[in-house]
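Worksheet: the structure to be examined is printed underneath.
For the numbers below, each heavy atom of this structure counts, side chains included, while hydrogens, waters and symmetry mates do not. By convention in this document, chain letters (A, B, ...) are assigned in the order of the sequence lines, proteins followed by strands, and residues within each chain are numbered from 1.
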Protein chains: 2
Amino acid sequence: MNSPDAFNALCPTRQILDRIADKWTVLLLGLLAGRTMRFNELRRGVDGLSQKVLSQTLKSLERDGLVTRAVYPTVPVTVEYAITDLGRTLAATLEPLRLWAESHMNVIEQARADFDRRQQAAA
Amino acid sequence: MNSPDAFNALCPTRQILDRIADKWTVLLLGLLAGRTMRFNELRRGVDGLSQKVLSQTLKSLERDGLVTRAVYPTVPVTVEYAITDLGRTLAATLEPLRLWAESHMNVIEQARADFDRRQQAAA
DNA sequence: CCGAATCCTCTGGGATACTG
DNA sequence: CAGTATCCCAGAGGATTCGG
């Protein structure tokens with residue numbers, strides 16, 4: 001068996017990287033790392049995430065063994081999503097990413113402003 | 001000033017997260033963290049990355065202050081991309097993500113097979 | 001060699017409506 | 001409440017061509 005290599009387009013790792021390097025995955029696993037949550041709870045927790053995409057993303061996460069889906073036959077039905085042990089290891093890897101974005105927001109915006117000004121000056 | 005919050009769609013952090021949580025960013029910064037590289041060198045280094053998308057991604061990375069672009073007036077022209085100090089901090093954050101994908105490839109594929117088999121059984 | 005520009009395709013994802 | 005189904009469109013991105 002050849003070693004996993006994300007730089008190779010044909011390696012399954014590439015596909016996995018594409019899935020997990022996704023803003024919705026980062027945010028959803030960030031929430032679920034805290035506690036088990038219901039569908040609409042997650043929807044409200046992640047602003048701008050449509051119901052369709054939430055549904056798709058959760059199904060992918062469940063398929064990959066990162067979250068579990070539990071249905072309780074109440075009326076109306078209750079569905080709870082919980083993070084798995086595997087998902088928790090990924091969440092731990094993704095959290096620094098969100099924190100980096102939040103802590104470097106100002107630096108990035110400054111860099112963008114500088115870049116745009118230089119472009120403007122060149123034109 | 002209100003605190004950065006990636007869960008809020010209107011926060012600039014959201015946009016930044018969207019840009020950095022990207023497979024091409026992960027792979028390109030992973031390469032550039034090792035050494036300065038030229039355009040076609042990067043193109044060859046990341047399999048499946050088209051010239052157009054590479055060009056776009058590099059421009060974004062440069063605008064965000066994560067890489068620098070140096071042009072040398074040789075014939076033909078030489079263009080070198082180097083990671084910045086800021087980019088290096090991000091690369092350090094992204095590397096675990098690529099490693100996670102590579103080291104959990106088998107577990108994920110197993111989970112997917114199990115899931116698909118359960119779906120099949122239910123149908 | 002390093003791109004910019006053009007064209008064209010395809011699909012991610014929004015809006016809406018309907019079920020169990 | 002928690003989805004699935006349908007329609008629809010903007011925009012991502014591949015292929016190709018051209019320029020510095």
Side-chain angles (χ1 to χ4, degrees), chain A residues 9-10 14-15 17-28 31-32 35-64 67-82 115-116 118-120 122-123, chain B residues 9-10 14-15 17-28 31-32 35-64 67-82 115 118-119 122-123:
Chain A
L10 299 178
R14 170 65 68 85
Q15 188 194 358
L17 179 61
D18 196 23
R19 275 285 176 63
I20 67 182
D22 168 65
K23 78 182 155 191
W24 301 131
T25 297
V26 173
L27 296 173
L28 286 174
L31 283 180
L32 289 174
R35 63 179 178 84
T36 294
M37 293 177 78
R38 301 179 57 177
F39 187 85
N40 280 330
E41 224 177 348
L42 289 168
R43 182 149 163 52
R44 284 187 298 271
V46 182
D47 188 30
L49 173 56
S50 74
Q51 162 267 359
K52 177 180 176 179
V53 173
L54 173 58
S55 180
Q56 288 175 346
T57 305
L58 285 172
K59 193 178 291 184
S60 289
L61 292 177
E62 186 196 1
R63 180 169 182 261
D64 290 351
V67 306
T68 56
R69 178 177 182 274
V71 182
Y72 302 99
T74 52
V75 177
V77 68
T78 300
V79 181
E80 284 191 345
Y81 291 90
F115 181 87
D116 293 346
R118 284 198 304 274
Q119 293 299 94
Q120 191 67 20
Chain B
L10 299 178
R14 169 65 67 85
Q15 188 195 358
L17 179 61
D18 196 23
R19 285 237 15 82
I20 67 181
D22 167 64
K23 78 180 156 196
W24 302 131
T25 298
V26 173
L27 297 173
L28 288 174
L31 283 180
L32 290 174
R35 63 179 177 85
T36 294
M37 293 177 78
R38 301 179 56 178
F39 187 85
N40 280 331
E41 224 177 347
L42 289 168
R43 182 150 163 51
R44 284 189 298 270
V46 182
D47 188 30
L49 173 56
S50 74
Q51 168 268 341
K52 177 180 177 180
V53 173
L54 173 58
S55 180
Q56 288 174 348
T57 305
L58 285 172
K59 191 179 292 183
S60 289
L61 293 177
E62 186 196 1
R63 179 170 183 259
D64 289 351
V67 307
T68 56
R69 178 177 182 273
V71 182
Y72 301 98
T74 53
V75 178
V77 68
T78 300
V79 181
E80 284 191 345
Y81 291 90
F115 181 87
R118 283 198 304 274
Q119 294 299 93

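- The distance from the CG atom of A/Leu42 to the OG atom of A/Ser55 is 11.5 Å, given to the nearest 0.5 Å.
- Of the residues in residues 52-59 of chain B, B/Lys52, B/Ser55, B/Lys59 come within less than 4.0 Å of DNA chain C through at least one heavy atom, sorted by number.
- Atom-to-atom distance recorded for B/Tyr81:OH and B/Leu32:CG is 10.0 Å, nearest 0.5 angstrom.
- Mapping A/Asp22 and A/Val77 onto DNA chain C by nearest heavy atom places A/Asp22 at the nucleotide closer to the 5' end.
- A straight line from CZ of B/Arg43 to C1' of D/dA15 spans 11 Å, rounded to a whole angstrom.
- Note: CG (A/Asn40) to P (D/dG3) measures 9 Å, nearest angstrom.
- Between A/Ser50 and C/dG14 there is a side-chain N or O to OP1 or OP2 distance below 4.0 Å.
- Atom CD of residue A/Gln15 and atom CG of residue A/Asp64 lie 8.0 Å apart, to the nearest 0.5 angstrom.
- Comment: B/Asp22 does not engage A/Lys23 in a salt bridge, judged by the lack of any side-chain N to carboxylate O separation of less than 4.0 angstrom.
- A close approach under 4.0 Å does not occur between any side-chain nitrogen or oxygen of A/Tyr81 and OP1 or OP2 of D/dC1.
- A distance of 9.5 Å separates CG in B/Leu27 from CG in A/Asp18, rounded to the nearest 0.5 Å.
- Taking only side-chain nitrogens and oxygens, B/Arg38 comes nearer than 4.0 Å to OP1 or OP2 of C/dC2.
- Side-chain N or O atoms of B/Arg19 include none that pairs as donor or acceptor with a backbone N or O of B/Arg14 at under 3.5 Å.
- Atom NZ of A/Lys23 is separated from atom C1' of C/dG13 by 11 Å (rounded to the nearest Å).
- Salt bridge status for B/Arg35 with B/Glu41: present, with a side-chain N to carboxylate O gap under 4.0 Å.
- Going from atom CZ of B/Phe39 over to atom P of C/dG3 covers 5 Å, rounded to whole Å.
- Taking atom OH of A/Tyr72 as the reference point, atom C1' of D/dG3 lies 18 Å away to the nearest angstrom.
- Rounded to 10°, the angle separating the first-five-pair axis and the last-five-pair axis of the helix from C/dC1-D/dG20 to C/dG20-D/dC1 equals 50°.
- Between A/Gln51 atom CD and D/dA2 atom P the separation is 11 Å, expressed in whole Å.
- Annotation: side-chain hydrogen bond (donor to acceptor under 3.5 Å, both in side chains) contacts of A/Arg38 (sequence neighbours excluded): none.
- Taking atom CD on B/Glu80 and atom P on C/dC2, their separation rounds to 10 Å, with Å as the unit.
- Take the nearest nucleotide of DNA chain C for B/Arg69 and for A/Leu49: the residue whose nucleotide is more 5' is B/Arg69.
- Between the CH2 atom of B/Trp24 and the C1' atom of D/dA12 there is a distance of 13 Å, given to the nearest Å.
- With hydrogens and angles ignored, the 3.5 Å screen pairs no side-chain donor or acceptor of B/Asn40 with any backbone N or O of B/Arg43.
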